[in-house]
S.K.: 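Quick one: the structure is below, and I'll ask about it shortly.
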Amino acid sequence: MLRLLALGCARGAGARVVAHPGSRKVSDTRRNQPASSEAAAGLEGVCSMLRLPLQASPEGLDAAFVGVPLDSGTSHRPGARFGPCRIREESVLLRAVNPSTGALPFQSLKVADLGNMNINLYNLQDSCRLIREMFQHIVTAGCIPLTLGGDHTITYPILQAVAKKHGPVGLVHVGAHTNTADKALGETVHHRVPFRRSVDEGLLDCKRVVQIGIRGSSMTLDPYRYSRSQGFRVVLAEDCWMKSLIPLMAEVRQQMGGKPLYISFSIDALDPAYAPGTGTPEIAGLTPSQALEIIRGCQGLNVVGCDLVEVSPPYDLSGNTALLAANLLFEMLCALPKVTTV
């Protein structure tokens with residue numbers, strides 16, 4: 001297996017599950033639990049995602065957080081390589097259950113943090129190879145990856161690994177940009193192209209691809225033509241302004257059906273008033289509540305992987321962007337198949 005950059009173990013590993021009153025089909029087996037703030041200070045131990053234990057291998061896990069500290073594909077403002085560690089720092093504020101949705105992720109699944117994977121900061125193509133091989137190992141083990149990015153380049157090799165097991169997958173992509181460009185400076189792999197390359201290689205079920213929150217200035221008057229020509233549904237940010245996205249997600253659920261689905265969430269989907277710490281911010285974006293509606297709208301679908309990308313801590317002086325990212329990753333965990341709700 002590829003080398004992981006271990007972070008250490010958080011307190012609380014192997015804690016016995018106490019079933020929520022009225023819960024259904026909740027296993028009493030020993031699973032990993034986040035450390036309770038009533039028993040452990042937030043700054044105690046080594047920093048891991050949600051203060052979960054660190055594990056070197058995905059074997060035996062139902063889901064795992066894994067960091068990909070890469071920003072070599074960034075076009076302008078760098079810093080996303082520091083995103084995974086910063087998201088983990090803010091995740092200590094999160095707890096074990098989701099009262100809003102009734103989800104009991106840690107009583108339903110065995111989850112751990114696999115740390116940050118090893119990548120080649122000097123060679124983007126080699127980094128993509130390392131990411132692809134690492135995620136092939138994760139999904140082959142029957143573990144659903146929840147990825148802390150990293151710039152959006154990483155989604156391309158992750159989709160290569162996921163599609164190798166599941167075949168072409170549906171996609172709920174939340175972001176400011178379609179990421180369907182072709183070349184830049186003669187290069188065909190960078191953070192503007194992951195979904196173009198994924199179409200080229202047949203990784204996506206194009207009739208089940210939805211892109212939400214798209215906006216911003218462009219070099220052409222029809223920047224969404226490629227996505228729509230492939231059969232993608234493109235939902236512009238202005239079509240989301242001042243409204244709930246629950247009706248939209250009801251349509252998306254019907255479109256996705258029971259087939260494998262991947263969620264890719266770029267933090268630049270949110271308005272920079274909420275998430276300034278990103279490399280390519282665009283004004284007039286989604287709100288945090290709309291982001292929750294989108295992710296919660298995927299609950300019960302056949303989600304086989306997720307990522308949260310483009311958090312750039314150097315532009316996130318308050319930590320709000322990383323805090324939002326940590327919460328959205330927790331919501332993705334709560335939306336996974338086999339998570340019990342009450």
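Residues take their numbers from the sequence shown, with the count starting at 1.
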S.K.: With Arg253, which residues qualify under side chain to side chain contact (heavy atoms under 4.5 Å, CB included), at least two apart?
M.R.: Leu301
S.K.: With sequence neighbours left out, what residues match Thr180 under side chain to side chain donor-acceptor pair (under 3.5 Å)?
M.R.: Thr178
S.K.: Please, which pairs that meet salt bridge (charged side-chain N to carboxylate O under 4.0 Å, His left out) have at least one residue in residues 331-342, sequence neighbours excluded?
M.R.: Arg296-Glu331
S.K.: What pair of heavy atoms forms the shortest contact from Gly73 to His190, and how long is it?
M.R.: O-CB, 3.6 Å
S.K.: Among all residues two or more places apart in sequence or in another chain, which pass the side chain to side chain contact (heavy atoms under 4.5 Å, CB included) test with Ala291?
M.R.: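 With sequence neighbours excluded, Ala291 shows a side chain to side chain contact (heavy atoms under 4.5 Å, CB included) to Phe265, Leu270, Leu328, given in chain and number order.
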S.K.: Which residues satisfy the side chain to side chain donor-acceptor pair (under 3.5 Å) test with Ser72, sequence neighbours excluded?
M.R.: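 For Ser72, no residue satisfies side chain to side chain donor-acceptor pair (under 3.5 Å) once neighbours in sequence are set aside.
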S.K.: With sequence neighbours excluded, tell me which residues meet side chain to side chain donor-acceptor pair (under 3.5 Å) with Asn123.
M.R.: none
S.K.: Does NZ or CZ of Arg31 come closer than 6.0 Å to the centre of the six-membered ring of Phe106, within 45° of the ring's axis?
M.R.: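 Not flagged: Arg31 not positioned over aromatic ring of Phe106.
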S.K.: Going by the rule ring pair (Phe, Tyr, Trp, His ring centres under 6.0 Å), which residues pair with His173 if we only count those two or more places apart in sequence or in a different chain?
M.R.: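 His173 satisfies ring pair (Phe, Tyr, Trp, His ring centres under 6.0 Å) with His152, Phe195 only.
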S.K.: Establish, from distance only, whether the side-chain atoms of Ser227 and Gln211 form a donor-acceptor pair under 3.5 Å.
M.R.: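 Distance-only check passes for Ser227 and Gln211.
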S.K.: Looking at Ala237 and Arg215, what are the two nearest heavy atoms and their distance?
M.R.: CB-CD, 3.6 Å
S.K.: Scan for side chain to side chain donor-acceptor pair (under 3.5 Å) pairs involving residues 241-250, sequence neighbours excluded, and state none if there are none.
M.R.: Ser244-Glu293
S.K.: So if I apply the side-chain hydrogen bond (donor to acceptor under 3.5 Å, both in side chains) rule between Gln160 and each of Gln136, Arg129, Glu201, Glu133, which one comes out positive?
M.R.: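 Running side-chain hydrogen bond (donor to acceptor under 3.5 Å, both in side chains) over Gln136, Arg129, Glu201, Glu133 with Gln160 returns exactly one hit, Glu201.
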S.K.: Check whether Ile131 and Leu121 end up in the same hydrophobic cluster, where Ile, Leu, Val, Met, Phe, Trp and Tyr are linked by side-chain heavy atoms less than 4.5 Å apart.
M.R.: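 Same hydrophobic cluster.
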S.K.: Please name all residues satisfying salt bridge (charged side-chain N to carboxylate O under 4.0 Å, His left out) with Arg208, sequence neighbours left out, ordered by chain then number.
M.R.: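 Result, salt bridge (charged side-chain N to carboxylate O under 4.0 Å, His left out) vs Arg208: Asp205.
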S.K.: Determine all donor-acceptor pairs shorter than 3.5 Å in which one atom belongs to a side chain in residues 314-325; sequence neighbours excluded.
M.R.:
residue : atom : partner : partner atom : Å
Asp316  : OD1  : Asn320  : N            : 3.4
Asp316  : OD1  : Thr321  : N            : 2.9
Asp316  : OD1  : Thr321  : OG1          : 2.8
Asp316  : OD2  : Thr321  : N            : 3.4
Asp316  : OD2  : Ala322  : N            : 3.1
Ser318  : OG   : Asn320  : N            : 3.1
Thr321  : OG1  : Gly277  : N            : 2.9

S.K.: Hey, are Thr220 and Asp222 close enough side-chain-wise for a donor-acceptor pair under 3.5 Å?
M.R.: no
S.K.: List for me each residue that meets side chain to side chain contact (heavy atoms under 4.5 Å, CB included) alongside Ser75, sequence neighbours excluded, and say none if there are none.
M.R.: His191, Arg192, Thr280
S.K.: Among all residues two or more places apart in sequence or in another chain, which pass the side chain to side chain donor-acceptor pair (under 3.5 Å) test with Tyr262?
M.R.: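 Per chain and number, Tyr262 pairs via side chain to side chain donor-acceptor pair (under 3.5 Å) with Asp307.
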